[in-house]
Amino acid sequence: MTTTTQATVFDIHLLQEQICAHLTLRDIRRCCLVSKDFYQNFSPYLYRTIPIHRKSTFNKFHRPESLAALARYHDKVTHVTCEFAQIWKTLLDHQCHNLVTLTSDCLPRRNSNAETNKHQTRYISDLIEVNPRLYSVQLGQFLFEPEVISRFCSVLRNHSRIRELSIVSPASYVTYTSIRLFMWSSFRLERLCLKVQCLYSSATEMTDCQFQKYLDLTGSKHPVFALRELSIPISLYLLEGGAFLRFLEYTPHVERFVAPGIMHDDWIEGLLSIMRTRMTNIQHLNICSISIQGSLVAQIIPLCRNLKSFVSSSRLNGINVIAGALLEHHRETLEEVHMLGAGGMTSVQVLSFLTECPKLQIFDAMCTTEKVSPDREMMTRQRIGDAILSTTDMNAAAIPWACAGLKVLKLRYAVPERAHQDNDGDEEQEESEESKEWVLPKALYERIAELTELEILWLGRVEPAFPSTDSFILALRVGRGEPVPELDLEPRQPESESEIRQYEMGTLNMSKALMAWRSLPKLRQLHLRGLKNFIDKKTVREARRSWKNLDWIWYH
């Protein structure tokens, strides 16, 4: 005779923890609806992760019944994401001392939000101090007062588990002295990101006595910082560059580096010296804040070891020199390239990135669309800033793309000249094959159709005739509402039979491209700029059946 027992699987505590560790919040909610036993055993794990992004959700979280549940399950709370700083005191009052990650991003710029949150910053240091397991802290609301920063940095230096700190508060202003205190208190961190506005009036040259005080904060005469990711994209003025370079001498393990806003050519020599001797492991380089000559920045490229990702600056000239250095030294290792605003990069260099970098996964050479009126201003601004691939160069080279694993492609291309026909003659002139592809060349969309791993595709079409500088200035004046001479800013509609036939051929050519892109099963975003007049909606609906994961498609 067998004996029965009242034990259930939930009596095994370790197994229960392992089950819930691999379930999402949605899965846990569904399990709670199975039975009363399931509800009692699974509901505590609903408080493991607390995501709050809306004011209505924040108000529901502070209802009496929700706070009572938080008091019962406070030991289960490990991950909190909330844009409202008032939650810091709530977590303190309910003894949530097992936090692992704390994320509090920036709120929209509203005076009421800023006034409400600035009274909560004194609680963040206390919350970090009572959570010994805390590993990652991301803050968007931070009041840069001396006493708040001093207390925060003291807690940061004494905390043994924090490895990631990010403070992104573009609406707040901070002194360079506070920036130094943040940097020298991060000797235990592996990731440090400081993106704030600095006060120019507070820039002072660091003396040897001040340097020794900062060095004493680390508790060692020759400290070695554990930082692997350093991101401080702030503007360094004349008196502050030396202090930052002295800090870099103690960060030999940095692999991902977002350079500060260097604005003086003399500082590049100091940075090059440090990268030759100390910072020799940089694999990810971001120079978006640098404002010096591109030829000087190009000297940094050979000093990086096996560079995997690169982000350029839209304020640099001579970007073609930087692109040449990337292709010369790192074509075999590059995985991610962002050449935003790289107007100086040639069409041949754009083609070289696609045909000579086998590991390339992200190639971004296209700025985001600005909703500026009139359209001519927006179009010209993008043409001045973006690098453009000439399809004539592409057809002449006829080289297959090496980046078979490309996931993100953002690219602008220049179409060939259209063939103009003479309507006075009785016989129609034959159009060349190149002129038939003046909307989207076959060689380009067929290359894209071979990228089966592609997830994001942005394409921008550029007419071969660029507007003149005078037209650009007039367009700017029209956008501001200023009186100007008559200027036709609207796109000209086809009038003659030959032009109508060309537009029909362009629509057919675009439909062929959309049907060819049905071979991209992972496509999530499709952005087509300058192609709206040639899109057949019926073809789009048919092509979307193959894109199961498509989030949106946008064309204008």
Side-chain angles (χ1 to χ4, degrees), residues 12-25 27-28 41-53 58 61-62 66-105 120-142 148-168 182-194 217-219 225-231 253:
I12 307 176
H13 179 71
L14 182 60
L15 182 60
Q16 180 180 344
E17 289 281 352
Q18 290 179 348
I19 292 174
C20 293
H22 294 83
L23 296 179
T24 64
L25 286 178
D27 294 334
I28 295 176
N41 287 280
F42 276 97
S43 58
Y45 295 95
L46 289 173
Y47 284 80
R48 180 184 60 194
T49 301
I50 301 179
I52 300 176
H53 301 286
F58 181 77
F61 180 77
H62 282 80
S66 300
L67 294 178
L70 179 64
R72 289 196 304 270
Y73 308 134
H74 62 90
D75 59 326
K76 299 293 184 182
V77 180
T78 56
H79 306 277
V80 176
T81 301
C82 181
E83 298 179 354
F84 303 93
Q86 298 96 313
I87 199 173
W88 299 344
K89 188 175 186 303
T90 303
L91 297 174
L92 276 172
D93 294 341
H94 291 80
Q95 300 181 358
C96 298
H97 297 166
N98 288 325
L99 292 181
V100 177
T101 63
L102 176 63
T103 303
S104 182
D105 295 327
Q120 308 295 325
T121 54
R122 63 181 184 273
Y123 298 115
I124 186 60
S125 299
D126 297 333
L127 184 61
I128 293 176
E129 192 173 30
V130 299
N131 280 275
R133 298 178 56 199
L134 198 59
Y135 181 86
S136 175
V137 178
Q138 299 181 30
L139 301 178
Q141 298 91 16
F142 202 87
V148 175
I149 292 178
S150 178
R151 165 72 172 152
F152 182 86
C153 290
S154 176
V155 172
L156 183 64
R157 292 192 298 271
N158 296 325
H159 202 286
S160 60
R161 293 293 297 274
I162 289 184
R163 294 295 179 267
E164 298 180 359
L165 173 63
S166 175
I167 299 179
V168 180
F182 277 118
M183 293 191 302
W184 288 95
S185 299
S186 62
F187 52 88
R188 285 195 180 96
L189 300 181
E190 296 180 359
R191 177 179 181 269
L192 175 64
C193 177
L194 297 175
L217 294 176
T218 64
F225 283 58
L227 286 170
R228 296 187 178 276
E229 182 175 346
L230 179 61
S231 174
H253 304 300

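These numbers come from a predicted model, not from an experiment. The analysis underlying the following values was restricted to heavy atoms, covering all of them including side chains, and did not include hydrogens, waters or symmetry mates.
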Q | Minimum heavy-atom distance F182-I167, with the two atoms named | A | CE2-CD1, 3.6 Å

**Q.** Verdict with supporting geometry, S104 and W88, side chain to side chain contact (heavy atoms under 4.5 Å, CB included)
**A.** CA-CA 9 Å; S104 182; W88 299 344; 3.7 Å; yes

**Q.** Residue pair V148 / S125: nearest heavy atoms and the distance that separates them
**A.** O-OG, 4.5 Å

Q | Criterion side chain to side chain contact (heavy atoms under 4.5 Å, CB included) on V77 and L99, from CA distance to verdict | A | CA-CA 6 Å; V77 180; L99 292 181; 3.7 Å; yes

Q) Got L227 and S186 here, is their nearest side-chain heavy-atom distance under 4.5 Å? A) yes

Q: Determine whether L189 and L156 make a side-chain contact, defined as any pair of heavy atoms from C-beta on separated by less than 4.5 Å.
A: yes

Q | Close side-chain approach of L102 to I124, heavy-atom, < 4.5 Å | A | yes

Q: Apply side chain to side chain contact (heavy atoms under 4.5 Å, CB included) to H53 and T81, showing your working.
A: CA-CA 8 Å; H53 301 286; T81 301; 3.6 Å; yes

Q | Heavy-atom closest contact (N131 atom, H159 atom, distance) | A | O-NE2, 2.8 Å

Q. Between atom OG of S154 and atom CD1 of I149, what is the distance when rounded to the nearest 0.5 Å?
A. 13.5 Å

Q: Supply the atom-to-atom distance L67 CG to H62 NE2, rounded to the nearest 0.5 angstrom.
A: 6.0 Å

Q: Would you mind listing every salt bridge (Lys or Arg N to Asp or Glu O under 4.0 Å) that reaches into residues 155-164, with sequence neighbours excluded?
A: none

**Q.** Side chain proximity check, L70 to T90, heavy atoms < 4.5 angstrom
**A.** yes

Q: To the nearest 0.5 Å, tell me how far S136 OG sits from I162 CD1.
A: 9.0 Å

Q) Do the side chains of F225 and L230 get nearer than 4.5 Å, heavy atoms only? A) no

Q: Look up atom NE2 in H94 and atom NE2 in H74, then write down how far apart they are to the nearest 0.5 Å.
A: 10.0 Å

Q. Do the non-hydrogen side-chain atoms of I128 and F152 ever get within less than 4.5 Å of each other?
A. yes

Q: For D126, enumerate each residue passing the side chain to side chain donor-acceptor pair (under 3.5 Å) test, keeping only those at least two apart in sequence or located in another chain.
A: R151

Q: With the side chain counted from C-beta on, respond yes when E83 and I52 share a heavy-atom pair under 4.5 Å apart, and no when they do not.
A: no

Q) What's the spacing between I50 CD1 and C96 SG if we round to 0.5 Å? A) 6.5 Å

Q | Between CZ on residue R48 and NZ on residue K76, distance to nearest 0.5 Å | A | 10.0 Å

Q. Would you call the rings of Y47 and Y73 parallel, tilted or perpendicular, where under 30° means parallel and over 60° means perpendicular?
A. tilted

Q. Are any side-chain N or O atoms of D105 and backbone N or O atoms of G140, one a donor and one an acceptor, separated by less than 3.5 Å?
A. no

